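The structure appears right after this line, and notes come after that.
Keep in mind that what you see is a predicted model, and the values were worked out from it rather than measured.
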Amino acid sequence: MLDVIVGTAPVNWNNRDVPGYRAPTPYLEMLDQMAAAGYAGTEYGEEFPRARARVERDLAARGLKLASMFYALDLRGDDAARREKEIGHAVATARFLRSMGGDMLIVADSGDARRQAVAGRVDESVALDAASWRRMVEGFVELARRCAAHGVRVTLHNHVGTYVETEEELARVLDATDPDLLGLCYDIGHMAYAGGDVQRVVDRYGPRIRYVHLKDVDPAVLAESKREGLSFAGALQRGIFPELGAGMVDFPRFLAALDALDYAGWLIVEQDTTMKTPLESARLNREYLRATFGL
């Protein structure tokens with residue numbers, strides 16, 4: 001059986017990428033619901049206080065652990081000062097994470113309006129030029145090196161609406177970087193949404209998976225998104241990511257592959273939006289993993 005810790009993410013309660021989606025859930029109420037739904041931990045969210053002692057107390061009181069922090073940054077541009085500022089902010093985030101007892105920084109390209117608009121429908125017309133691509137990859141490597149000096153591991157999150165969305169884009173970054181330096185935070189829902197082959201990525205890059213985001217994809221909403229030209233935010237509002245087991249992702253095959261790889265670490269349920277209440281959704285997802293896979 002997989003030696004994993006099942007956690008959840010604040011974005012399932014409060015998603016600032018989708019304005020007006022629902023009223024925000026207060027920080028402590030959110031933690032209460034995470035614990036009530038049966039999760040072992042959570043990622044650090046924007047709602048969290050910046051005081052280490054308070055966060056540690058609030059998590060411990062509910063039997064929760066801190067899994068990671070997420071940081072999106074733009075390393076594509078040719079403004080050296082701006083790139084250095086972006087990396088500097090990310091390293092500061094990593095240092096803060098370390099002060100909180102965490103050691104896993106999840107990073108992603110920040111994307112832009114152009115890529116957000118064509119999420120799931122990427123073609124060469126919205127690809128990066130060679131120079132921008134080189135700067136982005138070199139930036140991720142530099143960031144990972146600096147974070148390692150502070151005892152923090154960096155893992156790259158494949159993410160729709162960014163320049164590391166498709167299976168080919170992810171492969172291009174991973175093939176150009178040191179596996180020991182830059183790991184993979186594999187989001188299987190984002191890969192399916194992007195049109196990639198979830199299992200093929202595992203077969204090719206399984207040993208680089210250091211962290212997992214679990215989400216499902218509704219094939220009907222995905223088809224609507226392509227037909228109507230929905231943006232990422234538009235698809236989220238339609239419920240592109242349903243509760244686990246309700247969509248097109250083959251979870252038995254994926255989790256069996258992780259088991260074969262002797263994966264040990266976090267499985268984070270990160271659904272982003274739900275047509276149910278966040279607590280109802282959290283409970284359904286947790287029960288699916290427990291009842292179906294014994295996790």
Side-chain angles (χ1 to χ4, degrees), residues 1-13 30-31 33-45 59-60 62-70 97 100-108 152-159 170 174 179-180 182-192 198-217 241-247 249-272 274 278 281-295:
M1 182 181 294
L2 276 168
D3 179 19
V4 296
I5 310 171
V6 179
T8 187
V11 72
N12 299 340
W13 279 259
M30 178 178 65
L31 295 188
Q33 292 186 9
M34 290 176 174
Y39 292 94
T42 179
E43 299 178 344
Y44 185 97
L59 293 177
R62 294 160 178 83
L64 299 171
K65 297 179 181 179
L66 180 64
S68 68
M69 291 182 71
F70 174 81
L97 171 64
M100 299 286 291
D103 69 349
M104 180 73 73
L105 183 67
I106 312 302
V107 301
V152 174
R153 297 172 292 162
V154 172
T155 59
L156 177 66
H157 186 312
N158 57 293
H159 203 297
L170 176 61
L174 296 180
D180 293 329
L182 186 67
L184 172 60
C185 167
Y186 192 26
D187 190 306
I188 59 176
H190 278 262
M191 183 53 63
V198 169
Q199 193 60 38
R200 187 163 56 210
V201 173
V202 177
D203 293 343
R204 186 172 178 183
Y205 298 107
R208 289 189 79 161
I209 299 174
R210 309 279 193 270
Y211 196 89
V212 175
H213 276 172
L214 294 178
K215 53 169 64 76
D216 213 337
V217 175
F241 301 130
E243 279 63 43
L244 303 183
V249 173
D250 188 343
F251 287 99
R253 186 181 181 193
F254 173 69
L255 292 173
L258 285 188
D259 194 13
L261 288 165
D262 293 324
Y263 175 81
W266 287 95
L267 294 180
I268 299 292
V269 176
E270 192 207 38
Q271 191 173 330
D272 290 356
T274 175
S281 178
R283 283 176 164 155
L284 286 170
N285 287 326
R286 188 67 192 90
E287 181 57 25
Y288 172 75
L289 293 174
R290 181 182 293 112
T292 310
F293 305 105
L295 300 177

Spatial distance of atom OG1 (T155) from atom CG (L105) [nearest 0.5 Å]: 7.5 Å

Spatial distance of atom CD1 (I188) from atom CG (D250) [nearest 0.5 Å]: 9.0 Å

Donor-acceptor contact below 3.5 Å, side chain D216 vs main chain P242: no

From CA spacing to verdict: side chain to side chain contact (heavy atoms under 4.5 Å, CB included), V107, L156: CA-CA 5 Å; V107 301; L156 177 66; 4.3 Å; yes

Atom pair OH (Y205) and CG (L261), whose distance is rounded to the nearest 0.5 Å: 14.5 Å

Check: V269 and Y39 side chains under 4.5 Å, non-hydrogen atoms: yes

Heavy-atom pair with the smallest gap, counting every atom of P10 and Y44: CG-C, 4.4 Å

Least distance between heavy atoms, V217 atom then G189 atom: CG2-O, 3.3 Å

F70 side chain reached by E270 side chain, heavy atoms, under 4.5 Å: no

Residues which pass side chain to side chain contact (heavy atoms under 4.5 Å, CB included) with E287, listed by chain and number, not counting sequence neighbours: R290, A291

Sidechain-backbone polar pair: R208 side chain, L182 backbone, donor-acceptor under 3.5 Å: yes

Ring geometry between H157 and H159 (parallel below 30°, tilted from 30 to 60°, perpendicular above 60°): tilted

Rounded distance [0.5 Å steps], CG in D3 versus OH in Y263: 10.0 Å

Straight-line distance of N285 CG to N12 CG, nearest 0.5 Å: 7.5 Å

Chi angles and distances behind the side chain to side chain contact (heavy atoms under 4.5 Å, CB included) call for T274, L284: CA-CA 11 Å; T274 175; L284 286 170; over 6 Å; no

Close side-chain approach of L170 to L184, heavy-atom, < 4.5 Å: yes

Closest non-hydrogen atom pair, G245 against F251: N-CE1, 3.7 Å

Rounded distance (nearest 0.5 Å) linking atom OG of S68 with atom NE2 of H213: 5.5 Å

Worked verdict on L258 versus V212 for side chain to side chain contact (heavy atoms under 4.5 Å, CB included): CA-CA 10 Å; L258 285 188; V212 175; 4.1 Å; yes

Under 3.5 Å: donor-acceptor pair, side chain of D187, backbone of N158: no

Derivation of the side chain to side chain contact (heavy atoms under 4.5 Å, CB included) call for Y211 and I106: CA-CA 9 Å; Y211 196 89; I106 312 302; 3.7 Å; yes

Y186 side-chain N/O to G206 backbone N/O, donor-acceptor pair under 3.5 Å: no

Backbone of G38 reached by a side-chain donor or acceptor of R286 within 3.5 Å: yes

